[in-house]
Peer 1: 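First, the structure itself, so that you have it in front of you.
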2 protein chains.
Amino acid sequence: MRTSGTRERRRGEVNAALLATAKKELAQVGAAGLSVRAVAREMGMAPSALFRYISGRDELLTLLIVDAYDDLGDHVEAAEAAVPRSDVRGRWRAIATSFHEWSVANPHEYALLYGSPVPQYHAPADRTTPSGTRVTTLLAALGMEDPTPPPRPAFLHLPDASQLRDLALAADVPEMEGERLISGLLAWTTLVGAVSSELFEQLGEPVARLDTLFAAAVALGEWLLFGADGRLPA
Amino acid sequence: MRTSGTRERRRGEVNAALLATAKKELAQVGAAGLSVRAVAREMGMAPSALFRYISGRDELLTLLIVDAYDDLGDHVEAAEAAVPRSDVRGRWRAIATSFHEWSVANPHEYALLYGSPVPQYHAPADRTTPSGTRVTTLLAALGMEDPTPPPRPAFLHLPDASQLRDLALAADVPEMEGERLISGLLAWTTLVGAVSSELFEQLGEPVARLDTLFAAAVALGEWLLFGADGRLPA
DNA sequence: ACTGATACGAGAACAGTGTTCGCATTTATC
DNA sequence: GATAAATGCGAACACTGTTCTCGTATCAGT
């Protein structure tokens, strides 16, 4: 039995401070500019001392990725939970808008999660997957909610959708069939594509006002998921 | 009048060799792993000597970005030009598939162009824009080709599409109206989103076979651009 | 309470990076 | 041929991630 435990407590405190200052650094200079020495400096510790808590820069990145995924997951899940369960279209819009909100508020974190991966570093799947699939899992569950899916246009009926079964398994909806799966994936990739276009400024310089493009992506996703509807997007 | 010109010729050769080995390095280790010293090493020159040809690492990146944009532009333009002008849907499919092909063949270059931007570095617009807008300009011209656009669903009719007029101007189609503009932008961002999802492995690990998702994105883009059609995508 | 083990922080050191500066040497111009 | 400009190189500076050693502080067992 440990009695005092000042050692464990201090270890926890340093771990927390480490993650906190690393997050601050990430938000300021981005993932590629993140420096172990700078983090140590701001913590008032020697750089070598940090290696008692992390195995190296890669693990620091992994920590930040998982933390960002969870932060995003909290934000999106909370927004989705605030919408009445019966309003499936509203729940989709809540997911999309909160995802967009979080991304605009945390651009460097978004780049870390959905931008080009950091070279020479491959995130360990066993640590990032649980947090990384939270929002897609939420979306998948929403896509399965409608018991009678709307008739979808012919181009969504692809012959070999069985290739994507692994993705349905990963999102906890093994019974999702081809058309629904394709629709959900397209809604998701469209959303990510629109946000990336906006944040990474891929459409040229004067892109301050891309709200309209994002609204269109949300509307397209809604149509993909739940079919046509008379009402215009908010 | 210059007579011999061995100086100019050598300068051209070194410039070419510099770009060539930088490209090789980029293809192997990616943008963030690109090292000026490594390039100098492979060229058999001192690192400091390279600064006679580039102002720094940033300009090397700019060079690579412009080169990659042009390589992509050549590839896509050639593929699009090989399709009969009357077959607008086929031309869209050629653009999308050749874009996908090039991206899979040059993942690091794709990440440089359409992934998260390199931190502390902002590409000078006056140098990257001409090459960077080639494929979107091609797409915009294609979107304007159909004199009688198909009736589009209500969710594509957004009230304040005028915000995006700058984008139409940048793509050399100032007369493009709201619905067409939105449709084209959605087709484009969906395409980029699908390719990014595949290349950056954002949908989990076992994503070898995402051809179906990409095919669906192409079909969705075709529908956005030219409306419904009985035929299934190839 | 004392001892042996263990965890911890610091400092020096190594290899690597981007970049600058001064000095030779080669080329171009008059 | 003399003068000016362009070029390559080596040393140096300020960084980076990481490893190793070495005291010291805390723990566990008696």
Side-chain angles (χ1 to χ4, degrees), chain A residues 1-19 21-22 24-26 28-65 112 117-123, chain B residues 1-19 21-22 24-26 28-65 112 117-123:
Chain A
M1 283 299 295
R2 52 185 60 87
T3 50
S4 60
T6 126
R7 197 145 238 175
E8 275 193 31
R9 196 189 58 240
R10 164 141 186 85
R11 183 160 192 92
E13 289 172 358
V14 174
N15 265 321
L18 177 52
L19 183 62
T21 67
K24 200 191 305 179
E25 196 81 358
L26 171 66
Q28 286 176 356
V29 299
L34 192 138
S35 152
V36 176
R37 290 186 110 105
V39 172
R41 219 160 17 229
E42 194 164 351
M43 292 178 65
M45 291 180 66
S48 55
L50 290 192
F51 285 76
R52 304 272 182 203
Y53 299 88
I54 50 170
S55 67
R57 212 187 94 111
D58 285 7
E59 188 176 340
L60 190 56
L61 277 180
T62 305
L63 247 53
L64 288 171
I65 289 177
L112 187 58
V118 183
Q120 266 78 32
Y121 163 76
H122 201 70
Chain B
M1 283 298 294
R2 56 185 58 86
T3 50
S4 59
T6 125
R7 199 147 236 174
E8 276 193 30
R9 196 188 59 240
R10 164 141 186 84
R11 183 160 190 93
E13 290 173 358
V14 173
N15 265 321
L18 176 52
L19 182 61
T21 66
K24 200 191 304 179
E25 197 80 359
L26 171 66
Q28 286 176 355
V29 299
L34 192 140
S35 154
V36 176
R37 291 186 110 104
V39 172
R41 223 164 9 233
E42 194 164 352
M43 291 177 64
M45 290 180 66
S48 56
L50 290 192
F51 285 75
R52 304 274 184 202
Y53 297 87
I54 51 172
S55 66
R57 212 188 94 111
D58 286 6
E59 188 176 342
L60 190 57
L61 277 180
T62 304
L63 248 53
L64 288 170
I65 289 177
L112 188 58
V118 182
Q120 266 78 31
Y121 162 76
H122 202 70

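In what follows, chains carry the letters A, B, and so on, assigned in the order in which the sequence lines appear, proteins first and then strands, with residues in each chain numbered from 1. Given the structure is predicted, the values throughout are model-derived calculations rather than measurements.
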Peer 1: On the nucleotide D/dG8, are OP1 or OP2 found under 4.0 Å from the side-chain N or O atoms that B/Arg10 carries?
Peer 2: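 Yes.
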Peer 1: Using only side-chain N and O atoms of A/Arg41, determine if any of them is under 4.0 Å from OP1 or OP2 of D/dT16.
Peer 2: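 It does, given that an N or O in the side chain of A/Arg41 lies less than 4.0 Å from OP1 or OP2 of D/dT16.
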Peer 1: I want to check something: taking the side chain as every heavy atom from C-beta on, are A/Arg52 and A/Val14 in contact at a cut-off of under 4.5 Å?
Peer 2: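 No - every pair of side-chain heavy atoms lies 4.5 Å or more apart.
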Peer 1: Look at all strands and tell whether B/Ser35 reaches a base, only sugar-phosphate, or nothing, counting heavy atoms closer than 4.0 Å.
Peer 2: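 B/Ser35: backbone/sugar contact only, no base atoms under 4.0 Å.
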Peer 1: Can you identify which nucleotide, out of D/dC9, D/dT16, C/dG9, has its nearest atom closest to the A/Ala49 side chain?
Peer 2: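 For A/Ala49, the side-chain atoms sit closest to C/dG9.
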Peer 1: Is there side-chain contact between B/Leu19 and B/Leu64, with at least one heavy-atom pair below 4.5 Å?
Peer 2: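 Yes. Closest side-chain heavy atoms under 4.5 Å.
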Peer 1: To the nearest Å, give me how far apart CG (B/Leu50) and P (D/dT7) are.
Peer 2: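 Going from B/Leu50 (CG) to D/dT7 (P), I get 13 Å.
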Peer 1: Find the distance B/Glu59:CD to C/dT19:C1' and express it as a whole number of Å.
Peer 2: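 In whole Å, C/dT19 C1' and B/Glu59 CD are 14 Å from each other.
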Peer 1: When the distance from CD of B/Glu8 to C1' of C/dA28 is rounded to whole Å, what number comes out?
Peer 2: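 So the CD-C1' distance, B/Glu8 to C/dA28, works out to 11 Å.
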Peer 1: For A/Val39, run the side-chain contact (heavy atoms from CB on, under 4.5 Å) check against A/Ile54, A/Leu26, A/Leu18 and tell me which one passes.
Peer 2: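 Output: one option passes, namely A/Leu18.
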Peer 1: Can you measure B/Arg57 atom CZ to C/dG16 atom P for me and round it to whole angstrom units?
Peer 2: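 After rounding, the gap between these two atoms is 18 Å.
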Peer 1: What about B/Arg7, does its side chain sit under 3.5 Å from the base of D/dA6 through a donor-acceptor pair?
Peer 2: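 Yes, the side chain and the base share a sub-3.5 Å donor-acceptor pair.
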Peer 1: When we call it a touch if two heavy atoms are under 4.0 Å apart, what does B/Leu34 touch: a base, just sugar-phosphate, or nothing?
Peer 2: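 Result for B/Leu34 = sugar-phosphate.
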Peer 1: Using whole Å, report how far CD1 of B/Ile54 lies from P of C/dT20.
Peer 2: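 For the pair B/Ile54 CD1 and C/dT20 P, the rounded distance is 11 Å.
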Peer 1: Please work out if B/Arg52 contacts a base, only the sugar-phosphate, or nothing of the nucleic acid, heavy-atom cut-off 4.0 Å.
Peer 2: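 Base, at least one base heavy atom under 4.0 Å.
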Peer 1: Less than 4.0 angstrom between a side-chain N/O of A/Tyr53 and OP1 or OP2 of C/dG9, yes or no?
Peer 2: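 A/Tyr53 to C/dG9 OP1/OP2: side-chain N or O found under 4.0 Å.
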Peer 1: Work out which heavy atom in B/Tyr53 is nearest to a heavy atom in B/Glu59; give both atom names and the distance.
Peer 2: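 What the structure gives for the nearest pair is O-OE2, 4.5 Å.
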Peer 1: Rounded to the nearest angstrom, tell me the gap between atom CZ in A/Arg37 and atom C1' in D/dT19.
Peer 2: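 The distance from CZ of A/Arg37 to C1' of D/dT19 comes to 12 Å, rounded to the nearest Å.
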Peer 1: So which one's nearest nucleotide on DNA chain D is more toward 5', A/Ser48 or A/Ala38?
Peer 2: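 Comparing both residues, the 5'-ward one is A/Ala38.
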Peer 1: Supply the atom-to-atom distance A/Arg41 CZ to A/Glu25 CD, rounded to the nearest 0.5 angstrom.
Peer 2: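 Going from the CZ atom of A/Arg41 to the CD atom of A/Glu25 covers 8.0 Å.
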Peer 1: Quick check on D/dA6: is either OP1 or OP2 less than 4.0 Å from any side-chain nitrogen or oxygen of B/Arg11?
Peer 2: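 For B/Arg11, the contact criterion (side-chain N or O under 4.0 Å from OP1 or OP2 of D/dA6) is not met.
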Peer 1: Whole Å only: how far is the CZ atom of A/Phe51 from the P atom of C/dA12?
Peer 2: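 So the CZ-P distance, A/Phe51 to C/dA12, works out to 17 Å.
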Peer 1: Give the rounded distance in Å between these two atoms: CE of B/Met45 and P of C/dT25.
Peer 2: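 One finds 18 Å between P of C/dT25 and CE of B/Met45, rounded.
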